[in-house]
Structure formats: C-alpha cells, structure tokens
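Let me begin by presenting the structure, written as structure tokens, before commenting on it.
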Number of protein chains: 2
Amino acid sequence: MAVTSLSGNGRARATMRDVAALAGVSLKTVSRVVNDEPGVSPAVRDRVRSAVRRLDYRPNLAASTLRRTGARTGLVGALVEDISNPYSAGVLRGLEDVARERGTGVLAASLDGGADRERALVHDLVTRRVDALVVMPASERQDYLVGELRTGTPVCFVDRPPRGVECDAVTVDNVLGARLATGHLLDRGHRRVGAVLFQPWISTARDRLAGFVAAHTERGLHAQGRLVVDDLTTAEQATEATHRLLALDDPPTAIFASRNILAAGAARALRDLGLGHEVALVGFDDFPLADLLDPPLTVVRQDMERIGRTAAARVFARVDGDTSPPQHVVLEPVLVPRGSGEISAPS
Amino acid sequence: MAVTSLSGNGRARATMRDVAALAGVSLKTVSRVVNDEPGVSPAVRDRVRSAVRRLDYRPNLAASTLRRTGARTGLVGALVEDISNPYSAGVLRGLEDVARERGTGVLAASLDGGADRERALVHDLVTRRVDALVVMPASERQDYLVGELRTGTPVCFVDRPPRGVECDAVTVDNVLGARLATGHLLDRGHRRVGAVLFQPWISTARDRLAGFVAAHTERGLHAQGRLVVDDLTTAEQATEATHRLLALDDPPTAIFASRNILAAGAARALRDLGLGHEVALVGFDDFPLADLLDPPLTVVRQDMERIGRTAAARVFARVDGDTSPPQHVVLEPVLVPRGSGEISAPS
DNA sequence: TTGAAAGCGGTACCAA
DNA sequence: TTGGTACCGCTTTCAA
C-alpha cells in the first residue's frame, strides 16, 4: 500500500500572481477567470484554468474578502445550548443543510447555559465577521446585541424569542404543546396530573406551565399547585421530584414532563417504583429510542431540523437584502402517542 | 420593555486608521496596543484603548491574516458522519472544548457517508485555510489528501485510521470491543450468537467482526457464518435482519449488534417478538436512554468526547510545530453491563 | 478583450 | 517609545 507522509512540509501556496505568470496573462485576467466573470476569450480562459490546476492554486478568501465591497466570509455563527444534545444537534443539522447550498460554513459553539459565554461568543463571532448569527439564547435579555449588531449582521433566534431587541425568531408554540400533552392526559380521565418543569425564568418553561394550566381550565378543571415542581435542571432532579410527587397522600395518576431530559428522569422514577404501566407520562421534546422504552414514551415533538432550516432561511434572506420587519415564525408541535400517555386513570 | 430594532442599518465598521486618528497616534501604535506588543507608554496605551472602545473597533481578521507570516485563521475544520447523531456530536463537543481554550472555532460539516462529499469538503476547508482538520472518514482511501495537504495543514483522523496517507489518528480498539461484547455473551453460556454488522468495506466493521470471531476462537468455539448478517445501514434493516435470524431453525440465543443504530433495530425486533427477556443483546456504542430500555441495554462504550479532545490535542500540537512521526492513539472501549447482555443461555 | 495602478485593513521592517 | 513605508493577495476602476 502506497503511503505518503505528510509531516512538516509546509510549502507555500501559489498566488494569483504565480498563475498569471505561468499563463502569461495579467493578474486581472486570472481574477476574471477564477470568478467566472465575462470578457475573457475561451483560449485564454483555458490557459488560465490549466495553470490553476498545475499550481493547485486556491483563491485566498482573506484577500478577496478584504477588498471586495459587501464582503462575505461565507460563515454563519451558531450558538446552541450544547452541540452534543439531540435538540441542539438537530437544529444545527437543519441549519447546515441550508447553509451548504450556498457554500456557507457553520461555526458552531455550545453555551452550556452561560449568559456570559453567550455574550463573549457573539462578540467573537461578530469580530470574525460572520455573515449571520443563529442563536439559541442562554441569557434572559439580549439588549447587548443592539451594540453588537449595529453593523447589520442578521440574527435569528431559535427556541426562544429575544428580549430587549427586535429580530427574527423561530420557535414552537410551547403553550400549545403543553396544552396538547396535558389535555391528552385529562381526556383519559386523569384528575391529578403532576408537572415537572425546568427553570421558571426561561420563557419556554413559563409557556409550558401556562399550557399545562390552560388545558385544565379549558375543561373546567383546576391545575393543582402542589403537583407542580419547577426549577429542575437534570434528569436526576426529575427522578427525585417524581419520587416526591408519588409519595404524596393523594399522588398524581399522570405526569407531564416539560423537557426531554426531565421526561427521562420521570420515566426512570416510574420504572424504579414499578409504576411504568400504572402512571401515565407525556414528555415535551422527542428523542431517539423514546419508542423503545417500556412503555414507549408519548411525547410532544418539535421538528428541530425544521427549526434550523427555517432560521437559516430567515438569516440568508436578510443577508440577501430583505429588510422587512422582524418576523417571528411559530411552528406547531405535534403529539406522538406511543403508549405511556395512553394509560387511563384508575377508576 | 425597551426594544430596539436592528433591521437594515449597516453602518461601516471603524478601522485601525480611525482609531489612530481619534487617539492622535500612528497606525503602528494602534497595532501595537491591539496586539499587546511592548513598547508603548501607558498613557498612549490608555488613549488608544479608549478610542477603541468609543469606536467599537474590531480588528479585521482577514486583513491581519493576510499580512502576518504563518497566519492562522483560528478555525479547525471537522468532518463527521452526521452532526446530529450522538456519536459525531460527542466527538465535536470534545473537539470544541479544547479548541475554545485557544480561541479557535470549529467549522463542522456532515458527510452522510459520502466519499465525494468528503473530498469536496476537505477541498473547501483547505481553501478556507483552516488551521487544522479533524476527519471521520467516509471514503475508503484518503490518497487525495496527499495533494490537499502539501502545504502542511495538520490532519487527524477519528473513528477510523487513514488509508493511503500517513497522519495522526485517534480510534478505539474495535477488535477488543467486539471481543468484550461477544465474550460476555459466550461466558453466559450462549453457543449460538448472532451478529448484525454494518458495511464490510468499513474497517471498523471488519475489526468488530474479527473481534466477534476471536472471542469464539479464544474459547475453543466457532463463530457461525449463518448467524452473521452484514452490510446493514439502518435501524430498520437491523430489525429485519434480527427477525430473519430468529426465524432460523436453530436460532441464536444472543445477539451482538456492532453499532448503536443497529442495536436499536435489534432491540426493536426482540420487543416485537416478545423476546426481550429471552434473547441476550449487546450493542457497540452507547447512547442516551440505553439504560431505560426494557431490559436496559448492555453496551460496549467508547468515550466520544475523549476521542474529540484527543484529536484536538494532536492537531494543535502539530499547529504548534510538533513534527514527530504520525501517531495513532488507540483508546479502549469498556463494557457496560445493564441487563440485556446478562440474560443467560436457556439450559 | 485585456491590463496597469490604486487600495482594502492590517503587519513587518527599519528609521527616527 | 514612536512613526513611515512597503506590501500581504486580491478586487476595483479605468484606460488601452
């Protein structure tokens, strides 16, 4: 097997000048050929092309970006909660698919819930002159963007709408999603439905709580505060909270988990107690293998890739000159019944 | 709530020249301050700093990259199977964490198994002058890299070693992993162990088959070819293959699935047949919720984030001038017993 | 159809 | 400690 070593041979790249010399033409002519501009005779064009190949010439993006008016770096920045969680990764994937079509690269970074990190990374990405930003915010308010974006870098929020600044956003209808989930349980006769929620200062958490309450109200029922636990961050906390709920005198017969990791934690608690087939469970956000659990997990699903693609469409429209007022696209989540949510209330 | 619109106000950025004018110093002095070079009096430094703030000056990376000798773009390219699968996402996360420490960004793209896409993206990333590349190869041979990397861009392979070119690589010991998994089953008395494998032209698939066979041989047993199904790509195919295996006259009492999605497919088949607690199953590659399945899925786990971090360490060492011979780091996978793999053979 | 010269925003090198 | 000037690799403008 032929193997060639690659270590330590940093030969210099050919420049446009080198190509011009080899092809016996001027710099400008090479530029025309490389950029597919008209006004070059076929013969010359071929001569330049072959010189390009012989020298393995690659245009220096930094140089052209520098001189070109309205320069593009061909880069979008994407700030997500955590690259390695399925939700973020799905959004990134959708974004990537649209970006690829325009030859744009995706510069992705994880925020891990850090508002300070969000600011620092936005600053860095703006300094790098990315063409646009897609942000899944970790901060409560995004006023700081006003200063960052004075030069017109388009931004689109995903997952949560921005606060303190007006720009495009793509979210799902969280109230609707929670209403669907909770209503599904109530319609199966459950009258004590527990809720495990995440941090109440995050708008999506508040919306999902609102949907939980609304589903009750719509049916002339009352959501019970003692069955609601919030400010849960990890799956372990959700497991513990579920244990606590089920240990009440009058325990819930069904549970709504407002986020995928919390649903996982709740499912674990039910399994631990052998109540997986007794207590109903509906989660918010789908995840891989949810249908292989016992019982298969009923969820409200949002299409992450679609969110990513939609956000990409927004920012690229802005890059291409769309100056219409900020748009807020709200996608509808759908209920996916699989088993855990169809357990009826005990009679 | 104060809200400021951001649409359509593309004011020009301040340049170093503007800062120099405002601070009443020369261009070069501003450059010194911005780059923290010595030889500037504290007074002048402060004056420049405040001018930088007042104008919200951001150094133009393209410009400095252009002139600076041994310029860095502060970007690494990462080519993975699919950003949105947990394996790729984990590697990316590890890579990101190390890259962030040096202020380097990660430009990630999905290959979706396309060898042509791999070549095209490598070409694009090299043209973009990324400082280094981390590649989870989709192609069979990577000879083409020899041309691409003549200028010395460091590359590190992950998941699979390169073929046709010598460079750094970080992989796991796939033979060992499959031996652990298969041996685990054989040691519980199983004598007919089925295997569901992916594409045989991928080296990791061959290694895992080799480990499957070796586990038998070490125990004086013979792996049975009729129980091996390969060239499986999707979970659905694995489900179908598992159904076929279990429909044999002398069906396997245990199954080794050589990749996470195949394990999911096999688990589904077992559940469909109500054999989840009869037929043992061990998968290669962990994934979220594997421990919530019924029975919880026993797997051989590789630490994706560690792979990413290790690969990052390799390429950054190269960027920093390490010219030692190519290194191949092999990490050891570990068996995680959870239930599905501990089902004994029927007596 | 082609080319010469200026300049994008910075850094390198050397002089003051 | 500071500044001037050439120049990185390419695009722009305008002339031939």
Side-chain angles (χ1 to χ4, degrees), chain A residues 10-49 51-52 55-75 103 126-131 151, chain B residues 10-49 51-52 55-74 126-131 151:
Chain A
R11 228 184 45 194
R13 279 231 161 273
T15 74
M16 201 174 250
R17 192 195 304 288
D18 300 327
V19 176
L22 182 61
V25 296
S26 82
L27 209 62
K28 177 61 208 175
T29 300
V30 177
S31 172
R32 286 199 182 91
V33 174
V34 168
N35 296 298
D36 282 322
E37 285 171 30
V40 180
S41 71
V44 172
R45 194 172 287 269
D46 283 352
R47 205 138 44 88
V48 171
R49 288 245 166 84
V52 164
L55 296 175
D56 189 28
Y57 166 76
R58 316 278 180 108
N60 185 322
L61 213 91
S64 55
T65 287
L66 189 55
R67 189 64 173 87
R68 217 189 279 270
T69 51
R72 305 271 167 80
T73 51
L75 247 35
V126 170
T127 300
R128 280 183 190 268
R129 266 73 165 178
V130 293
D131 296 338
T151 45
Chain B
R11 230 185 44 194
R13 279 229 162 275
T15 73
M16 199 174 253
R17 191 191 307 286
D18 300 327
V19 176
L22 182 61
V25 297
S26 82
L27 209 65
K28 179 63 207 175
T29 299
V30 177
S31 171
R32 286 199 182 92
V33 174
V34 168
N35 296 295
D36 282 321
E37 285 170 31
V40 181
S41 71
V44 172
R45 192 172 290 267
D46 283 352
R47 206 139 42 87
V48 171
R49 288 246 166 84
V52 163
L55 297 174
D56 190 27
Y57 166 76
R58 315 278 180 111
N60 185 323
L61 213 90
S64 55
T65 287
L66 189 55
R67 187 61 171 94
R68 220 189 278 271
T69 50
R72 306 271 167 80
T73 52
V126 169
T127 300
R128 280 182 191 269
R129 265 74 165 178
V130 294
D131 295 339
T151 44

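Each chain gets a letter, A, B and so on, in the order its sequence line appears, and its residues count up from 1. Because the structure is a prediction, the values reported are computed rather than measured.
Closest to the side chain of S26(A), from the set dA4(C), dT2(D), dG9(D), is dA4(C). The side chain of V44(B) approaches dT2(D) more closely than any other nucleotide in the set dT11(D), dT2(D), dG3(D). Minimum atom distance to the side chain of L66(B) is reached by dG9(D), of the listed dC10(D), dC14(C), dG9(D). Listed nucleotides dT2(C), dG4(D), dT13(D) differ in distance to R32(A); the shortest reach to its side chain belongs to dT2(C). In the set dT11(D), dT2(D), dG9(C), the nucleotide with an atom closest to the side chain of A63(B) is dG9(C).
A salt bridge between D36(A) and R49(A) is present, with a side-chain N of the basic residue lying under 4.0 Å from a carboxylate O of the acidic one. With respect to the salt-bridge test (charged N to carboxylate O, under 4.0 angstrom), the residues R13(B) and D56(B) qualify. No salt bridge links R45(B) with E37(B); every basic N to acidic carboxylate O contact stays at or beyond 4.0 Å.
Comparing T29(A) and P59(B) against DNA chain C, the residue whose closest nucleotide sits nearer the 5' end is T29(A). Projected onto DNA chain D by closest heavy-atom contact, G39(B) and R67(B) fall at different nucleotides, the more 5' of which corresponds to G39(B).
Proximity of R68(B) to the phosphate of dT11(C): a side-chain N or O atom is located under 4.0 Å from OP1 or OP2. Residue S31(A) places at least one side-chain N or O closer than 4.0 Å to OP1 or OP2 of dT11(D). Side-chain N/O atoms of T65(B) include none lying less than 4.0 angstrom from OP1 or OP2 on dG10(C).
Partner V30(A) forms a side chain to side chain contact (heavy atoms under 4.5 Å, CB included) with one of V40(A), V19(A), V44(A) and no other, that one being V19(A).
Between R17(B) atom CZ and dG9(C) atom C1' there is a gap of 8 Å when expressed in whole angstrom units. At whole-Å resolution of the value, CG in L61(B) and C1' in dC8(D) are 14 Å apart. To the nearest angstrom, P of dT1(C) lies 15 Å from CG of D46(A). Taking atom CG of residue L27(A) and atom C1' of nucleotide dT12(D), one finds them 12 Å apart after rounding to whole Å. Spacing between atom NZ of K28(B) and atom P of dA6(D) amounts to 16 Å, rounded to whole angstrom units. Atom-to-atom, CG of L55(A) to C1' of dG9(D) comes out at 15 Å; the value is rounded to the nearest Å. Distance R128(B) CZ to dG9(D) P: 20 Å, rounded to the nearest Å. Note: CG (N35(B)) to P (dG9(C)) measures 17 Å, nearest angstrom.
R129(A) comes within contact range of no nucleotide atom at all, as no heavy-atom separation falls under 4.0 Å. Using a 4.0 Å heavy-atom criterion, one finds that V34(A) contacts no nucleic acid atom at all.
Put simply, the side chain of D46(B) never gets that close to the backbone of A43(B): no donor and acceptor are under 3.5 Å apart.
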